[in-house]
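Remarks on the structure that follows.
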Amino acid sequence: MAKNKLLLVDGNSVAFRAFYALHGSLERFKNPSGLHTNAIYAFNLMFENVMEKEDPTHVLVAFDAGKTTFRNEMYEDYKGGRAKTPGELNEQLPYIRELINGLGISHYELKNYEADDIIGTLANQVDKNKFDVTVLTGDRDLTQLATDSIKVAITKKGVSDTEDYTPEHIADKYDGLEPKQIIDMKGLAGDASDNIPGVNKIGDKTAIKLLNEYGSVETLYQNIDDMKQSKMKENLIHDKDTALLSKKLATINTSAPVDISIDSLKYEGSDLEKLVPFYKEMNFRSFLENLDVNEENHDLEDILFEAVDEPTKEMFTDDMALYVEMLGENYHVEDIVGIAWGNDKKIYVSDSDKIFSNEAFKSWLLDKNKHKRVYNAKSTQVALNRYIALPESLTFDVLVAAYLLDTTDNSGDIAGICAHYDYHDIQPDEAVYGKGAKKGLPEDKETFFSHLARKIKAIQWLTPKLEEELKDKNQMDLYRDMEAPISSILAEMEITGITVDANRLNKMKDEFAQRLNEIEEKIYEQAGERFNINSPKQLGHILFEKMELPVIKKTKTGYSTAVDVLEQLKDQSPIVEDILQYRQIAKIQSTYVEGLLKVILQDGKVHTRYLQTLTQTGRLSSVDPNLQNIPIRLEEGRKIRQAFVPRKQDWVIYSSDYSQIELRVLAHVSKDKHLQEAFNENQDIHASTAMRVFDIDKPEDVTPNIRRQAKAVNFGIVYGISDYGLSQNLGISRKEAKNYIDTYFERYPGVKQYMNDSVAQAKEKGYAETLYNRRRYLENINSSNFNLRSFAERTAINSPIQGSAADILKIAMIELDKQLKEKKLEASMLLQVHDELVFEVPQSELETLDKLVKEIMEKAVQLDVPLITESSWGKTWYDAK
DNA sequence: TCATTCACG
DNA sequence: ACGTACGTGAATGAT
């Protein structure tokens with residue numbers, strides 16, 4: 001039989017830790033009635049973490065009963081001098097008890113005793129044959145309880161991690177000490193936090209040494225006469241009474257008069273009747289959301305809908321919601337399994353194939369005067385285009401709107417967005433369709449139809465809310481004039497696809513396979529055995545254990561074998577060079593050659609999907625396949641681009657990219673005189689930076705190496721520079737890197753000012769924003785955790801730059817799409833790669849297109865510095881260079 | 001499912 | 001003193 005597990009939580013101590021874990025965000029954690037909630041929130045998080053980790057069968061939270069306990073009778077000043085509990089924490093303590101009730105957990109306190117004693121007593125009392133015990137606390141005192149069946153988990157700085165004290169861990173940490181000797185240690189060394197005095201001049205280190213020799217405080221004093229004369233011996237003798245008292249104070253009372261039965265502590269899950277209203281009162285939306293995932297069908301209202309096979313035209317009006325269901329993500333190939341439409345009065349659903357040839361439906365879809373609101377317009381367009389035709393007037397997209405309002409909030413389906421707006425009359429797709437191998441339509445058609453109907457209802461409900469919020473945040477223009485049009489343009493680009501020459505790839509595949517074979521053999525020979533070169537673990541074993549190469553860097557799980565490490569090992573053994581070679585080719589082979597071959601469809605093309613609502617900055621991302629990371633930097637990989645060809649003979653691939661758009665955006669937003677001057681005079685920006693930062697007078701004195709360093713500095717600036725990052729990138733010392741950065745800021749004071757301002761603004765508003773009101777919320781910008789805060793600060797610097805650049809290319813794409821259509825050009829826009837657009841174009845249109853693209857991209861927006869593009873073309877994407 | 005590695009801007 | 005460059009996606013091996 002599986003063993004029970006009892007979890008004992010030291011309520012006061014964990015509450016205290018929780019309060020300070022989120023202390024940096026104290027003012028942001030307030031519920032509508034002004035109560036601070038940071039400690040309650042963090043307590044809940046810590047609790048969830050430990051419940052998941054330990055999975056206990058029985059749980060109790062113990063609290064201290066009051067200010068004085070039996071220990072004060074022994075020693076008046078016990079816990080004296082302790083700073084008063086902050087008011088902001090005190091006000092939360094009653095609510096933490098309420099939270100515990102909601103979580104379905106018992107709590108207990110006992111007059112005259114501390115939580116420690118309750119925990120010690122219970123931990124001691126339970127039958128160790130039936131129970132393992134875990135104690136959760138922030139207080140190291142409790143580690144004295146550790147045994148083979150009692151583990152003491154001490155909360156670490158954040159909310160998620162604990163340090164687990166077992167007898168082995170204690171021996172490790174305290175140089176061989178046993179758990180019960182912890183109290184002897186406190187007897188000798190004292191404990192400042194509880195105001196336990198200990199012996200004068202003895203600290204933890206000395207105490208451990210003495211205990212290793214004598215075992216306990218008592219035996220130490222029995223043998224003290226034999227101790228060599230020393231100042232320490234005098235102190236020990238002088239403070240003997242204090243030592244014995246201190247030990248007593250530190251000793252947890254394991255026979256407190258606790259009168260609760262273990263059986264009553266059995267954990268049977270949360271009490272939702274209490275917990276849900278409590279979370280609502282505290283404004284804990286994310287916890288509420290998590291509850292929903294676990295409960296199926298809770299409080300779903302009945303929904304009315306009509307299932308139809310062949311709808312008639314009265315069933316379609318202006319201003320309805322439309323939803324097209326597929327069970328997989330790739331709408332280029334997934335079957336449509338159901339369609340729903342409707343408004344507040346009436347909802348229709350259909351899973352019949354007849355709908356695809358239904359005239360009423362089709363004419364409604366294609367009617368520009370019939371406005372439809374949807375969740376994911378692009379998916380809807382691409383899917384329906386395969387079955388019927390490209391739908392018109394999908395005028396509101398709740399997915400894109402929700403993304404603009406909060407980039408972090410789009411968990412994949414409508415229910416995710418709904419939960420964020422406290423609308424719960426819908427289930428996550430996963431709850432209805434399942435996941436993984438078991439994913440499929442529900443047995444019961446009613447369940448399926450209801451789910452579709454609820455999606456219509458949700459879209460209807462969300463639309464006015466989102467519209468209003470977009471207006472409030474001054475983001476309606478961003479939605480209407482940028483994101484909505486871009487959605488349709490991307491749909492067309494995806495549908496068009498790009499032709500891939502499979503023959504070319506197959507030839508490359510054979511060549512690479514042969515070369516890989518040869519390198520493999522060479523590597524095995526040098527290693528003296530065959531192993532999986534793709535396994536960092538096995539490779540690490542060969543390099544660092546068998547061949548004993550020096551270890552440069554470690555990862556969480558073992559030795560690092562990343563490129564920068566291997567580069568440094570090149571001189572040590574020729575095998576390293578071969579491994580690098582192998583890696584390079586294996587990557588090209590598996591990801592690009594084989595990867596691309598797998599996703600070529602019947603039409604000889606690949607159709608990527610651009611994710612419009614994913615990145616935190618406003619960029620697009622590309623999946624299935626990712627066409628935004630096709631190799632270019634190294635010749636070997638660059639050849640992959642030879643497989644990307646125009647769809648017709650005599651056409652060419654044309655490509656145009658912005659030159660230094662991010663630095664130009666920086667010059668604009670920072671208003672830095674010198675940076676602007678460099679761009680206005682059309683200087684080589686990296687050389688110009690080199691001259692200013694490294695005090696070079698004549699352009700001809702800028703060597704390629706100095707220019708390379710300046711280039712790295714410029715990159716660093718855009719990323720929100722750190723001396724360490726720059727030093728790593730350039731392989732120079734941290735001090736030198738710092739020097740570069742200081743000089744840069746001195747020579748470009750406007751940039752320095754911009755960085756200070758962006759961080760300050762983000763701290764005040766809680767978000768960073770682009771030139772076109774795209775927001776990125778920065779949860780940790782005021783965090784007390786250095787790392788989290790620093791990261792948020794760099795993000796506050798980088799996001800407006802990267803995001804504004806993304807905005808600008810989107811604006812250019814919209815204008816370009818318009819002009820291509822107006823001018824009835826045959827050329828089509830195929831790809832977007834962050835600062836680059838790729839087209840296929842008939843030879844005859846090449847000149848026109850080149851002019852048009854250059855004009856539109858460079859004039860897309862008016863900045864304080866010019867925008868410059870560079871274009872090229874050729875028979876393949878490779879030749880467009 | 002996570003961690004590592006490496007491709008791009 | 002902290003431990004880092006910004007934004008992505010795919011393949012692989014290990015768990």
Side-chain angles (χ1 to χ4, degrees), chain A residues 157 407 435-436 531-540 553-566 579-580 582-596 598-599 608-611 614-634 636-638 640-641 657-663 666 712-730 734 737 741 768 776 783-803 805-806 809 831-837:
Chain A
K157 227 173 175 190
T407 53
K435 64 171 178 177
F531 66 101
N532 187 343
I533 308 170
N534 288 317
S535 158
K537 196 178 167 198
Q538 293 180 37
L539 181 60
K553 201 165 74 180
K554 287 195 145 195
T555 64
K556 266 189 245 176
T557 51
Y559 310 108
S560 169
T561 65
V563 189
D564 59 317
V565 172
L566 296 186
I579 289 164
L580 284 166
Y582 177 88
R583 281 254 180 93
Q584 198 201 330
I585 296 174
K587 172 86 181 180
I588 300 168
Q589 181 78 316
S590 66
T591 305
Y592 298 103
V593 179
E594 292 170 352
L596 278 171
K598 266 187 258 175
V599 291
T608 187
R609 279 151 45 228
Y610 288 105
L611 305 187
L614 182 137
T615 71
Q616 301 305 302
T617 53
R619 275 189 175 183
L620 302 174
S621 90
S622 158
V623 294
D624 269 350
N626 180 356
L627 295 179
Q628 293 181 318
N629 72 345
I630 302 300
I632 188 165
R633 292 174 193 169
L634 299 173
E636 208 85 60
R638 189 175 198 157
I640 291 290
R641 293 179 175 230
D657 64 277
Y658 279 118
S659 155
Q660 303 301 342
I661 187 165
E662 294 194 345
L663 280 173
L666 175 63
V713 171
N714 279 333
F715 268 96
I717 293 294
V718 170
Y719 293 157
I721 203 156
S722 77
D723 52 10
Y724 184 88
L726 183 64
S727 75
Q728 285 295 299
N729 193 295
L730 282 177
R734 213 169 141 161
I741 295 166
R776 177 174 186 177
S783 167
S784 62
N785 178 319
F786 177 88
N787 281 326
L788 293 179
R789 188 179 64 249
S790 302
F791 184 46
E793 287 173 355
R794 291 198 294 274
T795 310
I797 293 166
N798 174 264
S799 291
I801 301 173
Q802 189 182 115
L809 188 54
L831 305 175
Q832 192 258 36
V833 195
H834 310 308
D835 65 354
E836 174 191 11
L837 294 173

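All heavy atoms count here, side chains included; hydrogens, waters and symmetry mates do not. Numbers restart at 1 for each chain; the letters A, B, ... are given by sequence-line order, proteins then strands.
- In this structure, CD of A:Gln589 is placed 14 Å from P of B:dA7, rounded to the nearest angstrom.
- In this structure, A:Asn729 reaches the bases: a heavy-atom distance under 4.0 Å links it to at least one base atom across the strands shown.
- Using a 4.5 Å cut-off on side-chain heavy atoms (C-beta onward), A:Val713 and A:Ile741 make no contact.
- Counting only Watson-Crick or G-U wobble pairs whose defining distances are both under 3.5 Å, the stems of 3 or more consecutive pairs in DNA chain C are B:1-9 with C:6-14.
- Residues from residues 553-564 of chain A that place a heavy atom under 4.0 Å from any atom of DNA chain B, listed by number: A:Thr555, A:Lys556, A:Thr557, A:Ser560, A:Thr561, A:Ala562, A:Val563.
- Across all strands shown, A:Ile632 has heavy atoms under 4.0 Å from sugar-phosphate atoms exclusively, and none from any base.
- Separating the C1' atom of C:dG3 from that of B:dC6 is a span of 23 Å, rounded to the nearest Å.
- In this structure, the CG atom of A:Leu831 is 16 Å from the P atom of B:dC8, given to the nearest Å.
- Within 4.0 Å (heavy atoms only), A:Lys587 reaches at least one base atom of the nucleic acid.
- Listed by chain and residue number, A:Thr561 satisfy the side-chain contact (heavy atoms from CB on, under 4.5 Å) test with A:Pro536 (two or more places apart in sequence, or in another chain).
- Distance, A:Leu663 CG to B:dG9 C1': 13 Å, rounded to whole Å.
- In this structure, the CG atom of A:Asn714 is 17 Å from the P atom of B:dG9, given to the nearest Å.
- Taking 4.5 Å as the limit, some side-chain heavy atom of A:Tyr582 sits within range of a side-chain heavy atom of A:Asn534.
- Boundaries of the chain A contact region on DNA chain C are C:dC2 to C:dT15, first to last in 5' to 3' order (nucleotide atom under 4.0 Å from a heavy atom).
- Atom-to-atom, CG of A:Leu596 to P of B:dC8 comes out at 14 Å; the value is rounded to the nearest Å.
- Backbone-only contact: A:Asn626 has heavy atoms under 4.0 Å from sugar-phosphate atoms and none from a base.
- Considering only heavy atoms from C-beta on, A:Tyr592 comes within 4.5 Å of A:Pro631 through its side chain.
- Going from atom OH of A:Tyr592 over to atom P of B:dC6 covers 12 Å, rounded to whole Å.
- Of the side-chain N and O atoms in A:Arg583, none sit less than 4.0 angstrom from OP1 or OP2 of B:dT5.
- Counting non-hydrogen atoms under 4.0 angstrom, A:Gln538 reaches the backbone sugars and phosphates but no base.
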Indicate every side-chain donor-acceptor pair of residues 795-803 of chain A with a distance under 3.5 Å to a residue at least two apart or in another chain.
from     : atom 1 : to       : atom 2 : distance (Å)
A:Thr795 : OG1    : A:Phe791 : O      : 2.6
A:Asn798 : ND2    : A:Val718 : O      : 2.9
A:Ser799 : OG     : A:Arg776 : NH1    : 2.9
A:Ser799 : OG     : A:Thr795 : O      : 3.1
A:Gln802 : OE1    : A:Thr617 : OG1    : 2.8

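- Of the residues in residues 794-802 of chain A, those placing a heavy atom less than 4.0 Å from an atom of DNA chain C are A:Arg794, A:Thr795, A:Asn798, A:Gln802, in numerical order.
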